[in-house]
Each structure stands twice: as C-alpha cells, then as structure tokens.
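Contents: one structure, followed by commentary.
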Amino acid sequence: MRKISLLSILVILVSMFQSCTEKVETDLTKTAFIPKPTSVTASGGAYNLANAKLIYVQEGAEGLLPTAEIVAEKITQLTGTEVEIKTTNSTPSKGIYIAISDNDQLNSQGYELKIKKYIASITGADAAGCFFGAQTFLQTLPVKKAESPIYVPTGVVTDSPEYAYRGAMLDVSRHFFNVEEVKQYIDFLAMYKMNVLHLHISDDQGWRIEIKSWPKLTEIGGQTEVGGGEGGFYTQEQYKELVQYAADRQIMIIPEIDMPGHTNAALASYAELNCDGKARELYTGTNVGFSTLCTDKEITYQFIDDVIRELAAITPGPYIHIGGDESHVTAHDDYVYFVNKVQDIVKKHGKKIIGWDEIANAKLIDDVTVQFWADVENTTLGVEKGAQVLMSPAARAYLDMQYDSTSHLGLHWAGYIEVDHGYNWDPATLVEGITKENILGIEAPLWSETVTNIDEVEYLVFPRLPGYAEIGWTAPSERSWDEYKTRLAKHGKRFEALGIDYYKSALVPWEE
Ligand code: ACM
C-alpha cells in the first residue's frame, strides 16, 4: 500500500515537473526577432532572468553604459527587481555582460549575443553593435511584467546590418511634437535598431528651432501649425537634450532646414527675406510649393549662414539636411544658384549635405546624399554627379500614406501603402541604375499634415515601421512577406503592452 502511494506521488511530481518545463521555450530560433538577424542558433537550454540582477560592462569601453541602463530599466519593469550595473575587466560567468568584441570579423554595427544557462553576453563590433545586440536580447523577454521564473532560450545570435543608415523622419513643422513626444518616437526607432532620426524642423507652417541670432523665427514663425493650433519650438537646450537622448540609443539626429521653398514661416518672421521686402502672413493650410527665399539677396545667405552655424554647433552628427524639394515658385536658374551657394555654407560649417532629390539639379559638391522620394531622373542625375542615395520612395516608404481608402489618418497622393506593400521591396533593385553601392540606406518619412499627437503618429507608424527597419537591416534574400507577417503578428502584443495605438491590418495574422 505504502509503496504504491509513494510511486503514485512520484508519478504526479514527475508529470507536474514536465508540465512546468513544457512551458519553458528552449528553442531560440522560434523567437520572433524583428529585424530578422543574420543567424540564430539554439542550444536547447534556458537562461533564468533571475541571473540578470547584475549587468557587467567592459571597463574603459566608451558608450556602453547607456545601453546597460536601458537594459536594466527594462528588466526591472518586467521583474520588479532592481538591477545593478558594474564595470569589469574580466569576463563574468553569471549575469549580463556587455563588451566590445575582439572578433574582428564582425561588421560595423554588428554583434554577437550568446545566451547560456547563467550568462547572456552581448559583444558588439562597436558601441552601436552592443546596443543593437541588447535590443535583440530584449526581444527574447516577455512583453509585460511576468511572474518569476522568466526563462530565455539559450543559443547564439550573430548579426549585422545590410545598410549603415536606417532612419525615419518626423515632420514637427506641420504639427509640433513636444520633447516628450519626440523621445517616444526615438524609443520606437530604437526598439527596431533604426539609427537615424531626421527632424523636419522648418516648413511653411512653422519654424521649430531656436536660432539666437534670428529670434523672430520662433517668436513669430514658431507660433502656429496646420489647422491654426499654437505650434511651438525647441530651445537649443531642448534640442541638445533630444540629441543626447537619441545618442544614448545609438541614434543620430539629422536636422532639416527646408529651403528655398517651404519657407513661409521664415518669410513671415523676417520681411527682408522676401524679394518684395514684405513679410508674409503665417500659414496654417496644407498647400505646398508657394513660398521661396529671395535667392539674389545677400541677406538670404547671411541668414542661412547664421542658421547653419548655430545648428551645426548643437548637432554632433555629420549631416545637415537642406531640403530643396518642391520649390515651384523659384526659377530653375535661381534654384541651382541657391543650392550651390548653400552647399558651400554647410561645408564651411563642417557638415555633409543631404537634400531631397531635386538638389541633383545643382552642381553637387563631394559627399552629398540625394534623398530619393519622387523623381527617378533627379536621383540618377545625382548618382551621375557622384552622390550617394538615401531611399525614401514615397509610394513605398512614406509613413503618412494611408493604408487603404478607409484609413482615418494620412494622405494618398503617392498611393495607399498596406503593410505588405510597405515591406515588399528591395532598395537595391527598385530604381533601374541605382544599385547597392550607390545607396547609403533607407528612411521612412512621416509628414504630419494629418497627425496632431503621438497617438495619431502611432497609428501611421505601426505596424509599418518594423518593416522599414527590417528592409534596412536584413539581406533581401532573407526576407519574405509570408514569413515576416508571422513574426510581425507576434509583435502586436508588444505594441499593446507599450500602449501603442497600431493599425490592426487584416493582412497580418495577429496573435490573440
Ligand atoms: C516631399 O515629400 N516633399 C519631400
């Protein structure tokens, strides 16, 4: 009797243990990573997140501490326990370890993530690689606070990006987004290993950056937005705060001063920038192509010199974007003369130039990048003149295009962009004559005529943004919509846990 009951207890215990262990996922290759890594191999075990109470950072390596802090904060959110960060000059055997790799085979921005039973180590080719490896590790964790124990499958991820530049643009001119909202946008990019935020900080409807030598730009030009709202602007201190917040997430901010067109806010602030010497009215509509700086006045170039000088001084990244699009009321020769002069000004202040594809009509100095948005001829002309290309085809990559005719936000002048259409293209084959060697990277712009707050931004950005991140990161031979959509489906819960108001496309088999 006694023997049988002991045996039956044992059987019950074994089956309980099995049912517990069945819930533990030990196959790392089943994790829905976005962007898809170069290689994932599973080793069949599990790492208990309780080991992650300590994050070790390689002593003396620059730029790794913010990554450790971001990982620590996330683990604390998920487990409720504090995580300590220490520097070390030896490889630990337990916890999390973040270091620059001594493997010189790793490509720039690449990393290796090795998850073993007691240690998760992230070794990057550089600090950026470490941050991206950390993001991969975070995607192995539950999407929201969970009971202990939390297990992570063991294995190795080896990874590096297809393109060095993977960006998104935010138009803060048509509608203004405050510092906290821009930080949220930066967080979205960081989750998916994007590394550039292009800020469109001036346009007809608003001038959004403090320029100390031309104060009326923000006193007058920053005071409204589309629809007549109160607008706003960033002080230089606030802009620096954004630059630092982005840099901690390995994201470079590229500011755009759009010119000579898209300048009504400046033309309303300073009468002398107009050819007729008369200040324009502030503009709160959504038309384009009606404004121009006066290209043959010396004061125009003094103005640009001051703006670029002040902006360059607070922008550590190498680029300034000079706009150049849709200058429909600037005569062609005046446009070319203007863009030539502005390039010299930007160069004088030590920065490289990016401009929309129209700037290819100017002479183009060395190291210019042409941002393809609409015109293939302009873009190929730019390549002929030695420019690099940034791929932002409006019909594929504009985040403000509606998903379909029922989308309650967005525009459709470049067509509708359902999630599959946004994903299913290859930057290196989209435009005849433009190949991978010509391409700096990819950027998905969000124009803000129809979006007024971060919730509305979220609806247009998600779920398309992860797709643009993957196009920039993952080799085209490794990408297919049918496989991608099953990974994206698993990110729906992640969006929900983060409070992201995403578009629940019927093309994606969302997990309930
Ligand atoms: C643009 O969409 N006007 C660059």
Side-chain angles (χ1 to χ4, degrees), residues 165 167-175 196-208 225-226 254-266 283 285-293 319-330 332 335 338-339 342 353-362 364 368-382 387-402 409-417 422 425 427 430-431 434 439-451 457 460-461 464 468:
Y165 182 124
M169 190 202 82
L170 180 63
D171 170 8
V172 296
S173 180
R174 270 53 177 274
H175 282 102
V196 179
L197 171 62
H198 166 186
L199 274 183
H200 183 80
I201 47 174
S202 70
D203 210 305
D204 292 319
Q205 296 85 347
W207 186 281
R208 306 300 182 205
E225 59 184 8
V226 166
I254 299 180
E256 177 187 353
I257 300 296
D258 203 349
M259 52 193 162
H262 288 279
T263 41
N264 189 74
Y283 181 68
T286 59
N287 288 338
V288 296
F290 60 87
S291 57
T292 185
L293 292 170
Y319 296 104
I320 299 271
H321 199 302
I322 61 169
D325 58 321
E326 298 176 311
S327 288
H328 301 322
V329 294
T330 319
H332 179 82
Y335 177 86
F338 176 89
V339 174
V342 170
I353 289 139
I354 304 186
W356 298 106
D357 59 49
E358 289 95 323
I359 68 159
N361 291 292
L364 299 191
V368 170
T369 298
V370 166
Q371 186 165 11
F372 170 56
W373 68 282
D375 195 302
V376 168
E377 254 175 60
N378 283 340
T379 309
T380 43
L381 179 64
Q388 285 279 98
V389 177
L390 179 58
M391 292 296 282
S392 301
R396 293 283 188 169
Y398 266 28
L399 285 162
D400 60 311
M401 290 301 111
Q402 290 169 294
L409 294 167
L411 304 169
H412 57 259
W413 59 263
Y416 297 111
I417 306 182
W425 60 283
L430 190 76
V431 179
I434 297 187
I439 297 175
L440 175 65
I442 150 171
E443 184 180 292
L446 179 69
W447 301 98
S448 64
E449 285 95 334
T450 67
V451 287
V457 165
L460 289 176
V461 166
R464 286 184 288 204
Y468 299 124

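Whatever order the structure lists ligands and atoms in, that order sets their numbers, starting from 1. We use all heavy atoms of the structure for the numbers below, so side chains are in, but hydrogens, waters and symmetry mates are not.
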- prompt: Less than 6.0 Å separating the ring centroids of W356 and H200?
  reply: no
- prompt: Which of the atoms in ligand 1, numbered in the order shown and given with their element, are less than 4.0 Å from a heavy-atom of W447?
  reply: 1 (C), 2 (O), 4 (C)
statement: Counting from 1 in the order shown, the ligand 1 atoms closer than 4.0 Å to a non-hydrogen atom of Y398 are 1 (C), 2 (O), 4 (C)
field: Short side-chain donor-acceptor distance under 3.5 Å, E358 and W373
entry: yes
task: Verify whether one side chain among D325 and H262 offers a donor that lies under 3.5 Å from an acceptor in the other.
output: yes
- request: Examine the proximity of ligand 1 to E326 and report which part, side chain or backbone, both or neither, has a heavy atom under 4.0 Å away.
  value: side chain
task: Please report the closest heavy-atom contact between I254 and Y165, naming both atoms and the distance.
output: CD1-OH, 3.5 Å
field: For atom 3 (N) of ligand 1, the protein heavy atom that lies nearest, with its residue and separation
entry: D325 OD2, 2.7 Å
